[in-house]
There are 2 protein chains.
Amino acid sequence: MTTAEATSGTGDERGPLFSPVERETVQDRVYATLRRALICGLLEPGRILTIRGLADQLATSTMPVREALGRLISEKALEALPNRSVRVPPVTLERIDDLVHVRTLIEGEAIAMAATRMNEADVSRVRTILLEWDRFRNLADQDDFDNEMTLNQRFHFEIYRCSGSAVLLPMIESLWLQSGPCIREAAYAFSAAGEADTAHCHRIIVEALAARDPEAARAALAADISRPFKTLRTRLKAQKADKP
Amino acid sequence: MTTAEATSGTGDERGPLFSPVERETVQDRVYATLRRALICGLLEPGRILTIRGLADQLATSTMPVREALGRLISEKALEALPNRSVRVPPVTLERIDDLVHVRTLIEGEAIAMAATRMNEADVSRVRTILLEWDRFRNLADQDDFDNEMTLNQRFHFEIYRCSGSAVLLPMIESLWLQSGPCIREAAYAFSAAGEADTAHCHRIIVEALAARDPEAARAALAADISRPFKTLRTRLKAQKADKP
DNA sequence: ATTTTTGATCTGTGATCACACTTGCTTTGA
DNA sequence: TCAAAGCAAGTGTGATCACAGATCAAAAAT
């Protein structure tokens, strides 16, 4: 028996001595793993995933995997084929344009809402992420895509969270899940120059947020979103012209 | 052996003699049932759903039910409580405003895109649904909410489908799933006058579409969306003032 | 040599069971 | 009479199994 329990019978009157213990199911862990792989672009478009294969790789049974796959399919992050097999959706020109269009619409609205609602603490928290990113990029020169994507994600979602919309956030997450595999294909194209561009874009975004200018923030974000897709678009066109 | 198989070995060169046989899993049927109940507002907000209870009602085992619930939760149509129980999300003032805002943004964009892409056949198909609706309303005077909601859904999604965006459509479906339980609470409020208003709104929408006017269509749709939510909003405020 | 058939293997689906946790009621004690 | 401990029913989670459909490769027939 601990001191806390000895001094107070139930231990709920004297402030939060213990934080609630986190309960993480296997299904949640599988889902988080696949989600992270998808967003970071570790899974190439068109690849077919099997329940048993994933269960073996993740060292679990098939049950948590099939439920995690079901969730990802209903979020449109994966695709269910009529053969009952599941694959990560292939990228096409139409899909790219569609994704860019919808992302600028929705994430643009989210950042515009955030711009009018953020206080000093919110802005400085976003600034901190940007600084952390700069420090990381200067220290480690190796291509650590995983960390790069994580920092990028934290930057954007820290802003979107300030929009205060509980409906928009899950939609943006679904959009990132869908554009993750596409981004990956373009990621190699601008490893050196692209990162500088991204940093520049993000600085403009932060300035617009600090100035509480919704439309400037929306425009800056639109540029940030469409840039990687543009390189992917030209590359896909070249591929198509190569072998029709 | 059928005649078709006798005349042609594989039967795939001479046009579509047979349409592909539909393979509907139990899980899909459970999902469709719950989805329909949610959109039509048969499940009141805050109600707790149990896997075994639903499995008994639907006369299946627990497995298809839990996967269907998982899908609906990841679409934000249902809510997973920390107790590991699942309920239909309660409605609050903030949630209503949030839903109306996002729906006008997204569905407005979809209808604006559709207005520039619809051809004569598309417009006439939408008109047909409206006529069918009028006929139904004149014939059957009983309050058949189920059919009413189905017709309304067909009208809207026939338009949205013409937007050509494979990314927007699932999002709109998710939004309808989320606002279904809310609408139900308001549905009784305008059973008589509301239907006339709805019909009027929809006629304006069709006119805007026929005129290929994106902004007029967007404005008309915004009015159509916000109307039921407005009555719900005033009712909720009254409830709140009644017993704080 | 090409095509068809047949068989084995793999995969998803759904049922059943064991386990851990929650919840609500009953019982027991003050 | 009331509150706390204890028990019992219920619930979600994950594993295992049986079954049906899909896939692919080898063998047989043309």
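Below, all heavy atoms of this structure are taken into account, side chains as well, without hydrogens, waters or symmetry copies. Numbers restart at 1 for each chain; the letters A, B, ... are given by sequence-line order, proteins then strands.
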Residue pairs meeting salt bridge (charged side-chain N to carboxylate O under 4.0 Å, His left out), one or both in residues 47-58 of chain A, sequence neighbours left out, come to Glu44(A)-Arg47(A)
Find every protein N or O atom lying less than 3.5 Å from an N or O atom of nucleotides 6-11 of chain D, and list the pairs.
none

Over 60° means perpendicular and under 30° means parallel, so tell me whether Tyr160(B) and His156(B) are parallel, tilted or perpendicular. tilted
Separation of atom CD in Glu79(B) from atom C1' in dG12(D), rounded to whole Å: 17 Å
Boundaries of the chain B footprint along DNA chain C (any atom under 4.0 Å from a heavy atom): dG14(C) to dT23(C)
Glu158(B): what forms a salt bridge (charged side-chain N to carboxylate O under 4.0 Å, His left out) with it, not counting sequence neighbours? Arg125(B), Arg161(B)
Thr25(A): which residues meet the side-chain hydrogen bond (donor to acceptor under 3.5 Å, both in side chains) condition with it, sequence neighbours left out? Asp28(A)
For Glu173(A), which residues count as a side-chain hydrogen bond (donor to acceptor under 3.5 Å, both in side chains) partner, sequence neighbours excluded? Arg35(A)
With sequence neighbours left out, what residues match Asp97(B) under side-chain hydrogen bond (donor to acceptor under 3.5 Å, both in side chains)? Arg233(B)
Could you list the residues that satisfy ring-ring contact (aromatic ring centres under 6.0 Å, His included) with Tyr31(B), not counting sequence neighbours? none
Contacting residues from residues 65-76 of chain B, given that a heavy atom lies under 4.0 angstrom of DNA chain C: none
Output all residues satisfying salt bridge (charged side-chain N to carboxylate O under 4.0 Å, His left out) with Asp98(A), sequence neighbours left out; order by chain, then residue number. none
Could you tell me which residues satisfy salt bridge (charged side-chain N to carboxylate O under 4.0 Å, His left out) with Glu75(A), sequence neighbours excluded, listed by chain and number? none
side-chain hydrogen bond (donor to acceptor under 3.5 Å, both in side chains) against Arg103(A), all qualifying residues, sequence neighbours excluded: Glu107(A), Ser179(A)
